[in-house]
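Take a look at the structure below.
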Amino acid sequence: MKDRQFGRLRFISGDNRGKYPFNHSLYIDGGDACVIIDPACSLEKLSRLRDKEGVDMVWLSHWHEDHFHYMYLFDNSPLWISERDFPPLTDMEIFLDWYGLEEESRRAYWKKVMREQFNFRPQREARFIRNDEKIDLGQVKVQVIATPGHTPGHLSFFFSEEELLFLGDYDLTSFGPWYGDVASSIDETIKSIRRLKQIPAKKWIACHENGLFEENPGKLWDNYENIIYEREEKILNYLKKPHTLEEISAAWLIYGKPRKPLEFFEYNERLLVKKHLEHLEKQGQIIRDKDQYRKK
Ligand SMILES: [Zn+2]
């Protein structure tokens, strides 16, 4: 996968096709300032970029670690992010709370991973990017698009002159959207997907896997949204008989089958199932009786 230049914007492809723990980044030579969005693509590429071309600011689409992986390279550059997504970056305990990690051993494990693998360093300050703000970098103008759901303060960026839309983690992958964190929302995710679909772009950049779309993703938008309803349908079917959260998670209805590392994916499966159960209960489609759920 190649890096690509579009005027003053550069798609920087990530290691391993931008699969977790990597992503694809976007570099903007704005004229007045150079910006890197989501610096988690590749240690080598980002180090070179810093040394050869320079980076004045780091923007994050949201708070997840596979987007700030190499942010420490730009320690002297100001961080820009939505206010809503900033708290987990200020404190490791808040970070773990936002993932819903409760068990002490699990927290200890992730603390170590965040520090050693993702170079987590508590951030003291940030410039907050406002929803729907227009940012003028001199030669490049950026329209901020608030796209909550994946995280509550997730942002996408539209470059109207270049007709390029940076989607962030509404990544159009075949796995489908992630909304498993404590503050994620299925309903907001659906709204954000629909909002992004309406933006009159000619090129689309997603943070993982395929990454760059030079033709309208078309049906991929619907497929991506439909995965949410398919997951819900599978859970509803399974709940024709009553089951506990543990039993539903163990059925691997979302990932389809056990995936490795088991501990990581078991936990993710459980988070997504839990989110769907809350959603279905709120819609009155399932009933909860103590620790068991069943279809109405
Ligand atoms: Zn994310």
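Start at 1 and go down the list; that is how both ligands and their atoms are numbered.
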Tell me whether the Zn ion (ligand 1) has [X] as a neighbour, meaning an N, O or S atom of it below 2.8 Å.
X	value
D66	no
H154	no
H150	yes
C207	no

Decide, yes or no, whether a salt bridge links [X] with [Y] under the criterion of side-chain N to carboxylate O below 4.0 Å.
X	Y	value
E266	R270	no
E133	R127	yes
K197	E225	no

The Zn ion (ligand 1) to D169: nearest N/O/S atom name: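 So the atom name we want here is OD2.
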NE2 (H62) - the Zn ion (ligand 1) - ND1 (H64) angle, nearest 10°: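 Between NE2 of H62 and ND1 of H64, at the Zn ion (ligand 1), the angle is about 90°.
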Y20 and F264 aromatic centres sub-6.0 Å: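 Between Y20 and F264, the centre distance is under 6.0 Å.
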Side chain K234, main chain G256, donor-acceptor under 3.5 Å: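 Looks like no, no N/O pair under 3.5 Å.
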